[in-house]
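Working notes for the structure below.
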Protein chains: 2
Amino acid sequence: MALIVQKYGGTSVGSTDRIKNVAKRVAKWKAQGHDLIVVPSAMSGETNRLIALAKDISATPSPRELDVIASTGEQVTIGLLAMALQEEGLQAKSYTGAQVKVLTDSSHTKARILQIDDERIRADLAQGYVVVVAGFQGVDGDGNITTLGRGGSDTSAVALAAALKADECQIYTDVDGVYTTDPRVVPEARKLDTITFEEMLEMASLGSKVLQIRSVEFAGKYKVKLRVLSSFQDEGEGTLITVEEDKNMEQAIISGIAFSRDEAKLTVLGVPDRPGIAYQILGPIADANIDVDMIIQNVGRDGTTDFSFTVNRNEHNRALAVLNSVQEHIGAREILGDAKICKVSAVGVGMRSHPGIASQMFRTLAEEGINIQMISTSEIKISVVIDEKYLELAVRVLHRTFGLDQAA
Amino acid sequence: MALIVQKYGGTSVGSTDRIKNVAKRVAKWKAQGHDLIVVPSAMSGETNRLIALAKDISATPSPRELDVIASTGEQVTIGLLAMALQEEGLQAKSYTGAQVKVLTDSSHTKARILQIDDERIRADLAQGYVVVVAGFQGVDGDGNITTLGRGGSDTSAVALAAALKADECQIYTDVDGVYTTDPRVVPEARKLDTITFEEMLEMASLGSKVLQIRSVEFAGKYKVKLRVLSSFQDEGEGTLITVEEDKNMEQAIISGIAFSRDEAKLTVLGVPDRPGIAYQILGPIADANIDVDMIIQNVGRDGTTDFSFTVNRNEHNRALAVLNSVQEHIGAREILGDAKICKVSAVGVGMRSHPGIASQMFRTLAEEGINIQMISTSEIKISVVIDEKYLELAVRVLHRTFGLDQAA
C-alpha cells in the first residue's frame with residue numbers, strides 16, 4: 001500500500017468521457033489499496049478559451065485578473081473528476097489551490113510554490129477519500145489566486161508528492177513514456193524504462209515536451225520518484241525518472257536525441273572586438289525580456305568580431321528590431337537574422353565516462369553533408385544548430401549512430 | 001458622494017463587448033465621485049453549460065462538487081470585468097466569494113449568507129478601487145465553496161449593500177424597471193417609479209422574474225434601498241423599491257398583475273373526509289421534496305372530499321407518480337393531474353384599505369367567461385388558477401379593470 005500522486009494532462013481529461021476513464025483508472029489503483037491524490041489539468045482547449053476572452057477585453061490584461069480567470073479551468077475539472085470518482089463508488093473530494101492551500105509567491109501567471117499545507121489532504125486520505133487537487137494554481141500570502149504558468153500542473157503534482165512524501169508521482173499523458181527521440185521523426189525510437197533526472201532535465205530544456213522542466217527540477221530536488229505513463233493505455237510501466245544512474249546495468253552512453261524547431265539565430269557582424277561588447281549587444285535584448293539560449297563569439301580579426309546567439313523563434317522579429325535599433329551605437333557592420341534553423345542534441349550521462357562522443361556526432365553529421373552553425377555542450381549533452389531542412393535527417397542518423405534503435 | 005452596489009445580470013455581461021459596456025457605465029458613476037462595488041453574474045449560458053458538463057458525469061452530482069464547478073462562471077466574469085474597468089483607466093480588483101469572504105451555511109447549491117467581511121473591500125474603496133465581487137457564491141465555515149442557488153447574484157449584491165451600509169443597491173437587468181405587468185402580454189403596461197417591498201415580494205413569488213425573491217426579502221429586512229434599472233439604456237431612474245408606502249401621493253390600489261405559467265394542479269377525488277387526510281396526501285409529496293403552492297379542500301359530501309393543490313409544472317409528473325403510489329393507502333377514488341393551468345394574481349398594498357377588490361376581480365373574469373379553478377388570497381394579493389389558454393386575456397382585462405394602463 002502506497003501513497004501515489006497521479007497527474008492527468010489536458011488531453012487525458014479533454015471530455016467528460018475521458019474524465020470518466022480517468023476515474024476508472026484511479027478506481028483500479030484504489031482497489032489495490034493505495035492512497036491517491038489526483039491532480040488534473042484544465043480540459044484541453046479551456047485555458048486557451050479563457051485567455052482569449054481576456055485578450056478580447058485587454059491587449060495587456062492584468063496578471064492578477066488573468067489568474068482569477070485562468071484558474072477556473074482546473075477548478076471545473078476537479079469538480080467533474082470528483083463527481084466521476086463518486087460515480088465509481090469512491091469517496092472523493094476536490095480542492096482548489098487556495099483551499100489546500102498551495103502557497104506561492106505573488107508572481108502572477110508564473111508563480112513559484114513556497115509551501116503546501118498537507119493537513120486537510122492527510123485527514124481526507126485517512127478517511128479513505130481520493131483527494132482531487134487543482135493543478136497549475138495556488139494562492140499567495142494575501143489570498144490572491146496565482147497560477148504557475150503553462151504546464152504548471154506537472155509542478156503541482158510533484159510539489160504535492162514532495163509535501164506528502166508520496167511513494168510515487170505518476171504523470172499521465174498522451175504518450176506512454178519518454179522515448180529515445182520523437183517516434184514521429186524516427187519510427188525506430190524506443191521507449192526508455194528509466195532515465196536520470198539530469199538527462200530528463202536536458203531533454204525537457206532541449207525541446208522534449210513530455211515533462212515540464214520545472215517539475216523535473218522540483219522532483220530532482222526533493223527526490224520524488226517520478227514516472228511518465230500513458231492515460232490511454234492500460235498496460236505498461238512507462239518511464240521511471242531516477243535519481244541515480246542504474247549501476248547494475250550496462251548503461252547506454254546516449255539516452256536520447258532531442259530537437260527543437262522553435263529556434264532562431266541572430267548574428268551581429270563586424271563589431272569592434274573590445275571588452276564589454278557582449279554586454280552591449282545582449283543588454284538591450286535582456287531589457288526587452290527576450291531569453292537568449294546559445295551564444296557564440298568568434299575570435300576577432302582586424303579588430304572586429306562576429307557575435308551570434310539564438311532565441312525562441314517567436315522572438316526573432318523582436319530581437320532583430322532591438323539589434324537594428326542599437327546597431328549604430330555598438331558599431332556593427334551588419335545584423336543578420338535566420339528563423340530557419342533548428343537545434344539537435346544528444347543527451348546522456350554516459351557521456352561523462354566516454355570521451356569522443358562529440359567528435360562522433362560531428363563526423364556523423366559531416367558524412368551527411370550537414371553543416372554545423374553553432375555548438376553548445378554541457379557535461380551530459382551536446383547541441384548543434386543546423387539548417388532546419390536537415391532536422392529529420394540529423395535526428396535519424398544520430399539516433400542510429402548512438403545505437404538507440406537497438407534494444408537496451 | 002455615495003457608496004453604491006451595482007449588480008449586473010448574465011445578459012448584461014453576456015459577451016466581452018457587453019462587459020466593456022458595463023465598465024463604461026461604472027466609470028461614469030465613478031467619475032461622479034461615488035464609491036462602487038460591482039457584482040456580476042456569470043455570462044449568460046455559462047452556468048447552464050457548466051451544469052450540463054456535471055450532468056454528463058452524473059445524474060445526481062454531488063452538491064459540493066457542483067458548487068466547485070458552477071462558481072467558476074462568476075469567477076471568470078469578475079476577472080474580465082476588473083480588466084475592462086482597468087481599460088477604462090480605473091483601479092479595479094476582483095474577489096471571489098471565498099476571498100471577500102462571504103460566509104454562508106453549508107447548504108450546497110442553495111446556501112444562505114451568514115456574514116460578510118467588509119475589511120478588504122473597505123480598504124480597497126478607501127484607496128480608490130472599484131471592487132468587483134463574484135455574485136452567487138460564498139464559502140462555508142470549513143472553506144468549502146458554496147453557491148446561493150439560481151438568481152443568487154441579486155442576493156449577493158443586496159447582502160454586500162447591507163454589510164457595507166451602501167446608500168443604494170442597483171440591480172441592472174434587461175428591463176428598465178418593474179412593470180404593472182409583462183409588456184409582452186399587455187403593451188399598455190407601465191413602468192412603476194416605486195413599489196413597496198411587500199408588493200415586490202408578492203410579485204416575485206407570483207412569477208415576476210425581475211428580482212429574485214430572496215434578495216427582496218433580504219433588502220426589506222436590512223432596509224437596503226433597492227433599485228431596478230436597465231443595463232441597456234443610459235437614461236431612466238428605473239423602479240425604486242421602498243420600505244414605506246408613499247403617503248404623499250394618491251396610491252394606486254393595485255400595483256401590478258403578476259402571472260405564472262409554471263404551474264400544475266393535482267386533484268385527489270373522493271378521499272374519506274376524516275382528520276389527518278391532508279397530511280396523508282401531502283406528507284408523501286413533501287417527502288419527495290416537492291414544493292406545494294396553493295392547497296384547496298372542498299367541503300365533504302357523502303363522507304368523502306376532494307383535495308387539490310398546485311406544484312411547479314416541472315414536478316407535475318413526479319407528484320402524480322407519488323399520488324398514484326399512495327392512492328390505495330389513502331382510499332382515494334381517483335387521482336387527476338392538469339399541467340395546462342396558470343396562475344394570475346393582482347398585487348397591491350392599497351388592497352388593505354379598499355375592500356371589494358376580490359369581487360371586482362372575480363366579476364371581471366366571469367364577464368370574459370373565464371372559469372376560476374382555485375383561489376388564494378393574502379393581505380395584499382389575490383391569486384386565481386385558471387386554464388392556461390385564458391392567461392393573456394385574464395391579464396389584459398385585469399390590467400384594464402384596475403386602471404393600470406392609466407398614468408398614475
Side-chain angles (χ1 to χ4, degrees), chain A residues 15-20 22-23 42-43 46 49-88 91-96 98-101 117 120 132 134 139 142-145, chain B residues 15-20 22-23 42-43 46 49-88 91-96 98-101 117 120 132 134 139 142-145:
Chain A
S15 67
T16 48
D17 280 342
R18 287 188 175 176
I19 290 172
K20 289 177 193 171
V22 167
M43 295 171 81
E46 186 61 10
R49 184 185 74 86
L50 292 166
I51 288 173
L53 280 174
K55 294 279 180 184
D56 236 27
I57 297 275
S58 168
T60 54
S62 146
R64 181 190 185 275
E65 302 303 334
L66 205 51
D67 279 353
V68 169
I69 294 169
S71 61
T72 64
E74 282 73 17
Q75 190 171 326
V76 170
T77 324
I78 56 169
L80 294 176
L81 182 53
M83 286 175 187
L85 289 165
Q86 288 161 359
E87 289 290 303
E88 291 294 322
Q91 285 184 289
K93 202 186 268 188
S94 76
Y95 291 103
T96 63
Q99 285 176 315
V100 167
K101 63 187 193 182
D117 292 354
R120 276 163 181 263
V132 183
V139 64
D142 293 326
N144 297 303
I145 295 169
Chain B
S15 67
T16 48
D17 280 341
R18 287 189 174 174
I19 289 171
K20 290 177 193 171
V22 167
M43 295 170 81
E46 187 60 10
R49 183 185 75 85
L50 292 166
I51 288 174
L53 280 174
K55 294 277 180 187
D56 236 27
I57 297 274
S58 168
T60 53
S62 146
R64 180 189 185 276
E65 302 302 334
L66 205 51
D67 280 353
V68 168
I69 296 168
S71 61
T72 64
E74 282 73 17
Q75 190 170 327
V76 170
T77 325
I78 57 170
L80 295 175
L81 182 53
M83 286 174 187
L85 289 165
Q86 288 162 0
E87 289 291 302
E88 292 295 321
Q91 285 184 290
K93 201 186 269 188
S94 76
Y95 292 104
T96 63
Q99 285 177 314
V100 166
K101 63 185 190 183
D117 291 355
R120 275 164 182 262
V132 184
V139 63
D142 293 326
N144 297 304
I145 295 168

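The structure presented is a predicted model; accordingly, all values stated were derived computationally and were not measured. Lettering of chains follows the sequences in order, A, B, ..., and the numbering in each one begins at 1.
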Item checked: Shortest non-hydrogen separation from B:Glu74 to B:Ala134 and the atoms involved -> CB-CB, 3.9 Å
Check: Roughly how far, to the nearest 0.5 Å, is the CZ atom of B:Arg120 from the NZ atom of B:Lys93?
Finding: 7.5 Å
Next item on the list: Would you mind telling me which of B:Ile78, B:Ile19, B:Val76 has the largest number of heavy-atom pairs within less than 4.5 Å of chain A?
Entry: B:Val76
Checklist line | Contacting moiety of A:Ala92, where chain B heavy atoms sit under 4.5 Å | finding: backbone
Check: chain A: which of B:Leu66, B:Ile145, B:Thr96 shares the most heavy-atom pairs with it under 4.5 Å?
Finding: B:Ile145
Next item on the list: Look at B:Val68, B:Ile57, B:Leu80 and state which one has the largest set of heavy-atom pairs under 4.5 Å with chain A.
Entry: B:Ile57
Check: With respect to chain A, which residue among B:Ser62, B:Pro61, B:Ala82, B:Ser94 yields the maximal number of heavy-atom pairs within a distance under 4.5 Å?
Finding: B:Ser94
Next item on the list: Against chain A, label B:Thr77 side chain, backbone, both or neither, depending on which of its atoms sit under 4.5 Å from a heavy atom there.
Entry: neither
Margin query: If I measure from the heavy atoms of chain B, does A:Glu87 come under 4.5 Å with its side chain, its backbone, both, or neither?
Written below: side chain
Next item on the list: Give, as side chain, backbone, both or neither, the part of B:Gln86 having an atom under 4.5 angstrom from any heavy atom of chain A.
Entry: side chain
Checklist line | Shortest non-hydrogen separation from B:Thr72 to A:Thr72 and the atoms involved | finding: CB-CB, 3.6 Å
Notebook entry, point to check: Can you find a heavy atom in the side chain of B:Asn144 that is under 4.5 Å from one in the side chain of B:Arg64?
Noted result: yes
Next item on the list: Would you mind checking which part of A:Leu50 comes under 4.5 Å of any heavy atom in chain B, side chain (CB onward), backbone (N, CA, C, O), both or neither?
Entry: side chain
Checklist line | Closest contact, heavy atoms only, A:Ile69 versus B:Met83 | finding: CD1-CE, 3.6 Å
Notebook entry, point to check: Which pair of non-hydrogen atoms, one from A:Gln99 and one from A:Tyr95, has the smallest distance, and what is that distance?
Noted result: OE1-CA, 3.5 Å
Next item on the list: Check whether any side-chain heavy atom of B:Ser15 lies under 4.5 Å from a side-chain heavy atom of B:Lys20, and answer yes or no.
Entry: no
